[in-house]
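Below: the structure, in structure tokens.
In what follows, chains carry the letters A, B, and so on, assigned in the order in which the sequence lines appear, proteins first and then strands, with residues in each chain numbered from 1.
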Amino acid sequence: MPMRNAEIAAAMEELGTLYELDGAVRYRVLAYREAARVIAQSPVSVEDLAVAGRATELPGIGATLQEKIVALVETGEIPSAAKLKQKFPASLVEVTRLPGVGAKTARRLYDELEITSLAELREAAAAERVRGVKGLGEKFEARVIAAIDRLGEEGAPGRVLLSKVLPAAEELAEALRDHPASERVTVAGSARRMTETCKDIDLIATATDPTALATALTAHPLAAQAGTAGESGARIVTFSGISVDLRIVPPDAYGNLLQHFTGSAGHNIELRERAVKAGLSVSEHGITELDGGDVARYASEAEVYGRLGLDYIEPELREGNGEIAAAAAGELPKLVEVDDLRGDLHCHTTLSDGRNSLTEMAAAARGRGYSYLAVTDHSASHGFGDHVTPAALWERIEEVAAYNADSKRRFRLLAGSEVNIATDGSLDYDDDLLEALDWVVASVHTSFRLSGKEMTKRVIAAIENPRVDCVGHLTGRLIGRREPYDIDVEAVAEAAAANRTLVEINGNPNRRDLSERHARLAAEAGVSICVNTDAHGVDTLGNIVYGIATARRAWLTKRDVANTRSWRELLKLRGRQTSLLR
DNA sequence: GCCGTTTTCGGCCCGACTGTTTTCAGTCG
């Protein structure tokens with residue numbers, strides 16, 4: 001069983017903390033944290049890279065970490081970590097994860113009170129023994145008890161899916177914009193970067209009467225709890241449990257603050273490090289010249305980036321993944337937009353498990369300004385009583401033809417199917433039926449636990465089938481609920497590029513599959529990507545924003561995304577002949 | 001521990017908040 005990048009990253013994170021407990025210099029600890037971040041974000045197997053001696057190609061990984069990763073994947077253990085665990089129990093690492101408790105505090109608790117775990121810490125705090133430690137008092141005891149108890153509760157603060165966060169963020173921002181005291185209000189933070197999940201909502205505003213605007217937030221119907229509203233802003237928790245931070249700032253530094261609070265941390269760190277080399281210090285308050293001390297404040301982000309010699313960087317790119325170097329070189333991509341799309345190539349109707357009819361879906365797609373919609377209900381072996389028999393699909397093809405026969409419409413329905421890929425890579429309709437379809441999406445819906453080798457072979461067999469136009473939700477992951485199945489995305493991308501088979505970014509906010517990292521890898525391998533919703537009703541065609549968000553976070557341009565083209569151009573791209581071209 | 005349009009050694013982002021402190025260390029984003 002290969003080791004997942006997330007496991008390797010967790011081991012690096014743990015080792016960093018063990019070193020921190022051991023009193024290592026700060027920068028060594030930071031190096032492990034940064035390495036963990038880079039490993040977790042790698043689109044390719046870090047185990048494979050390390051075994052091939054190539055992990056040093058990742059930024060922040062040098063010879064030492066390369067060697068440690070090899071030891072980890074080959075023996076299941078890093079010698080230096082094992083040694084440190086003799087010195088400190090591994091459960092002490094958990095103590096450092098408690099909010100407000102870091103390695104320094106955990107170490108002191110261990111040295112002075114022999115506390116080795118969260119349970120022992122809670123007991124000591126309850127017995128008022130912690131206040132005997134220098135620098136820690138009553139408030140600390142109360143705080144750690146509350147924090148430990150919160151860990152055990154249901155719905156402990158975690159990351160929330162963007163589709164839960166974004167509507168609330170926009171509703172609150174809109175309400176604040178409507179307030180007479182407000183001037184500008186922008187959603188910042190990870191929601192603005194359109195990450196898959198968010199920890200909280202950050203709102204940045206300017207106002208003629210800051211306290212009045214802050215009070216308006218605390219009084220909003222979404223607020224379940226509210227802190228005190230002041231000149232600098234307010235904080236609330238929504239009924240759905242999302243914390244919201246409103247920061248009200250002076251208008252002349254709005255650009256600096258918005259840039260700062262949009263992040264990400266990695267992006268901001270890299271930005272500031274680069275600025276220091278140019279003799280500038282960047283903070284949320286302005287850009288200071290290191291000699292002379294002149295502070296420049298900017299009302300817009302574009303001016304902030306401009307002062308640093310950079311092109312404006314779209315929020316979706318601000319992850320510290322090369323965007324700053326690209327901005328300095330004037331080589332940022334022009335990112336694909338929702339309005340670039342001409343159609344959606346994956347959706348369902350009541351024929352399988354959708355909630356709306358063929359004509360209702362068509363009307364909704366036309367309403368969005370699309371010029372085509374591929375209707376791809378599930379196939380013959382789908383199960384759940386939602387399968388589509390060959391006879392029913394032949395009938396559907398006729399239905400689509402009848403719809404399209406009305407030539408007054410500048411819109412075309414595409415007769416399609418989302419066909420199951422069997423474990424041997426075969427499909428569950430006969431070739432003549434597949435041949436009669438305009439658009440075939442092939443997806444894995446069964447036997448997720450195949451070995452990586454078998455799963456890769458299975459999907460590549462479908463890719464090589466000339467009747468397959470596109471692979472659906474390639475890795476099968478459900479964000480926060482189901483891990484992706486084991487599959488070699490690099491090998492799949494290579495096969496897809498060679499066969500001119502498309503791979504989709506599924507815009508269902510639970511999936512976003514391809515992930516942004518896999519999508520970037522696939523596009524660089526020459527794969528044509530399409531961005532689809534997999535909508536099961538007219539209401540979820542709007543999920544295209546999440547698919548496009550992933551495409552943008554993958555650095556994709558309009559040219560990289562196949563369904564920005566007309567249906568005719570798309571067919572050419574596929575190298576497929578159908579009745580439409582005759 | 002990493003890294004190099006000053007460097008293979010000597011640097012390595014910035015500020016706010018908190019609680020415990022009489023001036024600051026630790027933690028966080």
Side-chain angles (χ1 to χ4, degrees), chain A residues 12-13 15-39 55-69 78 80 95-109 130-144 147 157 159 188-190 193 198-202 204 227 230 232-233 235 243 245 247 249 253 256-257 259-288 290 295 304 308-309 318 320 324-325 328-329:
Chain A
M12 291 301 138
E13 187 80 45
L15 181 52
T17 304
L18 287 166
Y19 275 128
E20 196 177 13
L21 285 166
D22 199 34
V25 290
R26 204 163 75 86
Y27 295 106
R28 186 197 242 182
V29 178
L30 288 175
Y32 278 92
R33 299 258 152 84
E34 174 63 8
R37 185 184 78 88
V38 167
I39 290 165
T56 51
E57 291 172 16
L58 296 170
I61 310 260
T64 307
L65 267 71
Q66 148 83 34
E67 193 183 312
K68 291 187 178 186
I69 296 167
I78 303 171
S80 48
V95 175
T96 71
R97 303 240 202 279
L98 208 59
V101 182
K104 296 268 163 55
T105 308
R107 177 64 191 269
R108 217 176 309 158
L109 290 165
V130 173
R131 64 187 63 176
V133 178
K134 190 169 186 294
L136 304 179
E138 276 179 59
K139 286 194 176 167
F140 180 85
E141 284 175 344
R143 206 179 57 204
V144 296
R159 297 191 66 91
S190 54
R193 303 198 312 277
C198 303
K199 197 167 67 67
D200 53 20
I201 294 171
D202 287 301
I204 304 292
S232 61
R235 176 174 291 172
S243 3
D245 226 337
R247 289 184 177 84
V249 303
N256 303 87
L257 279 138
Q259 193 286 318
H260 175 81
F261 285 109
T262 296
S264 63
H267 174 83
N268 284 355
I269 288 170
E270 203 182 319
L271 193 77
R272 291 183 203 138
E273 282 174 349
R274 187 176 187 280
V276 167
K277 287 177 187 148
L280 298 169
S281 171
V282 175
S283 83
E284 60 266 52
H285 306 299
I287 299 179
T288 310
L290 288 174
V295 183
V304 173
L308 299 171
R318 301 183 197 170
I324 291 173

**Prompt:** What interatomic distance, in whole Å, is found between P of B/dA16 and the corresponding atom of B/dC9?
**Reply:** 38 Å
**Item:** Nucleotide B/dG1, atom C1' - distance to CD1 of A/I69 in whole Å
**Value:** 12 Å
Side-chain polar contacts of residues 20-29 of chain A - donor-acceptor pairs under 3.5 angstrom, sequence neighbours left out - could you list them?
| from | atom 1 | to | atom 2 | distance (Å) |
| --- | --- | --- | --- | --- |
| A/E20 | OE1 | A/R33 | NH2 | 3.0 |
| A/D22 | OD1 | A/K87 | NZ | 2.7 |

**Whole-Å distance separating the CZ atom of A/F140 from the P atom of B/dC28** = 10 Å
**Prompt:** Separation of A/F261 atom CZ from B/dG29 atom P, in whole Å?
**Reply:** 12 Å
**Message:** Work out how far the C1' atom of B/dG15 is from that of B/dT5, and round it to whole angstrom.
**Reply:** 30 Å
**Prompt:** Given atom CD of A/E138 and atom C1' of B/dT21, what is their separation to the nearest angstrom?
**Reply:** 15 Å
**Request:** Find which nucleotide of DNA chain B each of A/V133 and A/G60 is nearest to by heavy atoms, and output the residue with the more 5' nucleotide.
**Result:** A/G60
**Prompt:** NA contact type, A/Y32, heavy-atom cut-off 4.0 Å: base, sugar-phosphate, or nothing?
**Reply:** sugar-phosphate
**Item:** Heavy-atom protein contacts under 4.0 Å, nucleotides 4-18 of chain B, coded B base, S sugar-phosphate only, - none
**Value:** --------BBSSS--
**Asked** How far does the P atom of B/dC13 sit from the matching atom of B/dT18, given to the nearest Å?
**Response** 25 Å
**Complete:** side chain to side chain donor-acceptor pair (under 3.5 Å) pairs touching residues 98-109 of chain A, sequence neighbours excluded, are A/R107-A/D111
**Message:** Any side-chain to backbone donor/acceptor pair from A/S190 onto A/R193? Under 3.5 Å, distance only.
**Reply:** no
**d(CG, A/L136; C1', B/dA25) in whole Å** = 11 Å
**Distance between C1' atoms of B/dT20 and B/dA25 (Å, rounded)** = 9 Å
**Message:** Ignoring hydrogens, what is the shortest heavy-atom contact between A/S80 and A/L15? Give both atom names and the distance.
**Reply:** OG-CD2, 3.9 Å
**Message:** Looking at every heavy atom in both A/L308 and A/A275, which two are closest together, and how far apart are they?
**Reply:** CD2-CB, 3.9 Å
**Request:** Test A/H260 against every option in A/H285, A/R272, A/R247 by the side-chain hydrogen bond (donor to acceptor under 3.5 Å, both in side chains) rule and name the one that passes.
**Result:** A/R272
**Prompt:** Taking atom P in both B/dG29 and B/dT23, what distance in whole Å separates the two?
**Reply:** 29 Å
**Message:** What contact category does A/A24 fall into here, base, sugar-phosphate, or nothing, at under 4.0 angstrom with non-hydrogen atoms?
**Reply:** nothing
**Prompt:** In whole Å, what is the span from the CG atom of A/L15 to the P atom of B/dC2?
**Reply:** 11 Å
**Message:** Using a heavy-atom cut-off of 4.0 Å across all strands, would you classify A/E67 as base, sugar-phosphate, or nothing?
**Reply:** nothing
**Fill in**
Atom CZ of A/R33 and atom C1' of B/dC28 are separated, to the nearest Å, by 12 Å
**Request:** Determine the contact category for A/L271: base if any of its heavy atoms lies under 4.0 Å from a base atom, sugar-phosphate if only primed atoms, P, OP1 or OP2 are that close, otherwise nothing.
**Result:** nothing
**Message:** On DNA chain B, compare the nucleotides closest to A/A63 and A/R97; which residue's is nearer the 5' end?
**Reply:** A/A63
**Request:** Between B/dG19 and B/dT8, how far apart are the C1' atoms? Round to whole Å, please.
**Result:** 43 Å
**Request:** Report the distance from atom CD1 of A/I39 to atom OH of A/Y32, rounding to the nearest 0.5 Å.
**Result:** 10.5 Å
**Asked** Above 12 or not: heavy atoms from other molecules or residues under 6.0 Å from CD of A/Q66?
**Response** yes
**Message:** Between B/dT22 and B/dC28, how far apart are the two C1' atoms, rounded to whole Å?
**Reply:** 24 Å
**Asked** Do side-chain atoms of A/E141 reach the backbone of A/V130 as a donor and acceptor pair under 3.5 angstrom?
**Response** yes
**Message:** Output the rounded distance in Å from CD1 (A/I61) to P (B/dC2).
**Reply:** 8 Å
**Asked** Looking for any heavy atom pair under 4.0 Å, which part of the strands does A/L98 touch: base, sugar-phosphate only, or nothing?
**Response** sugar-phosphate
**Request:** Rounded to whole angstrom, note down the C1' distance from B/dT6 over to B/dG11.
**Result:** 12 Å
**Fill in**
Mate of B/dT8 across any strand shown (Watson-Crick or G-U wobble, both atom pairs under 3.5 Å) is none
**Request:** Have a look at A/V101 and say if it touches a base, only the backbone sugar-phosphate, or nothing, with a 4.0 Å heavy-atom cut-off.
**Result:** sugar-phosphate
